[in-house]
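The structure presented is a predicted model; accordingly, all values stated were derived computationally and were not measured.
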Amino acid sequence: MKTIGMVLLDEVEDLDFVGPLEAFGVAKRVKPNSIRMVTFGMSPGEIRTSCGFRGRPDRGSASS
């Protein structure tokens, strides 16, 4: 299984992370247990996208 990490920054464009997450999600459905996605934030807590969506990355700090 490959692990793919994505850093989510405040004010990220929604499509910049939702698009890749969807593409890798399709790959997981085609070949189950082949990919694991992990999201990182630069600090603990939630991020806010450029369109106002709020979410919490899987890991609280990209440096840990």
Side-chain angles (χ1 to χ4, degrees):
M1 178 182 295
K2 291 190 183 263
T3 300
I4 299 170
M6 183 180 299
V7 178
L8 302 179
L9 304 172
D10 278 323
E11 296 300 316
V12 64
E13 294 288 332
D14 296 60
L15 190 57
D16 288 345
F17 76 93
V18 175
L21 286 175
E22 180 64 22
F24 289 122
V26 170
K28 285 174 60 172
R29 288 192 297 273
V30 170
K31 189 173 179 186
N33 300 314
S34 61
I35 298 172
R36 177 176 68 138
M37 291 295 302
V38 179
T39 55
F40 296 90
M42 293 304 290
S43 59
E46 64 182 28
I47 58 108
R48 185 178 194 147
T49 70
S50 61
C51 292
F53 174 79
R54 292 177 184 245
R56 186 174 305 276
D58 297 316
R59 303 282 190 272
S61 175
S63 62
S64 60

Asker: Tabulate below the donor-acceptor pairs under 3.5 Å that side-chain atoms of residues 14-21 make, not counting sequence neighbours, or state none.
Answerer:
| residue | atom | partner | partner atom | Å |
| --- | --- | --- | --- | --- |
| Asp14 | OD1 | Thr49 | OG1 | 3.0 |
| Asp14 | OD2 | Thr49 | OG1 | 3.1 |

Asker: Sequence neighbours excluded, which residues qualify as side chain to side chain donor-acceptor pair (under 3.5 Å) partners of Glu22?
Answerer: none
Asker: With rounding to the nearest 0.5 angstrom, report the CG to CZ distance, Leu8 to Arg56.
Answerer: 12.5 Å
Asker: Would you list the atom pairs, donor with acceptor, under 3.5 Å between side chains in residues 28-37 and any protein atom, with sequence neighbours excluded?
Answerer:
| residue | atom | partner | partner atom | Å |
| --- | --- | --- | --- | --- |
| Ser34 | OG | Lys31 | O | 2.6 |
| Arg36 | NE | Thr3 | OG1 | 3.3 |
| Arg36 | NH2 | Thr3 | OG1 | 3.0 |

Asker: Linking I/L/V/M/F/W/Y whenever any side-chain heavy atoms sit under 4.5 Å apart, do Phe53 and Ile47 land together?
Answerer: yes
Asker: Closest approach of Pro57 and Phe40, non-hydrogen atoms and distance?
Answerer: CB-C, 3.6 Å
Asker: Can you tell me how far apart CD (Glu11) and OG (Ser50) are? Round to the nearest 0.5 Å.
Answerer: 6.5 Å
Asker: Measuring only between side-chain heavy atoms, which start at C-beta, is Met6 closer than 4.5 Å to Val38?
Answerer: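 No, every pair of side-chain atoms sits at 4.5 Å or beyond.
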Asker: Kindly compute the distance separating CG (Asp58) from OG1 (Thr39), expressed to the nearest 0.5 Å.
Answerer: 3.5 Å
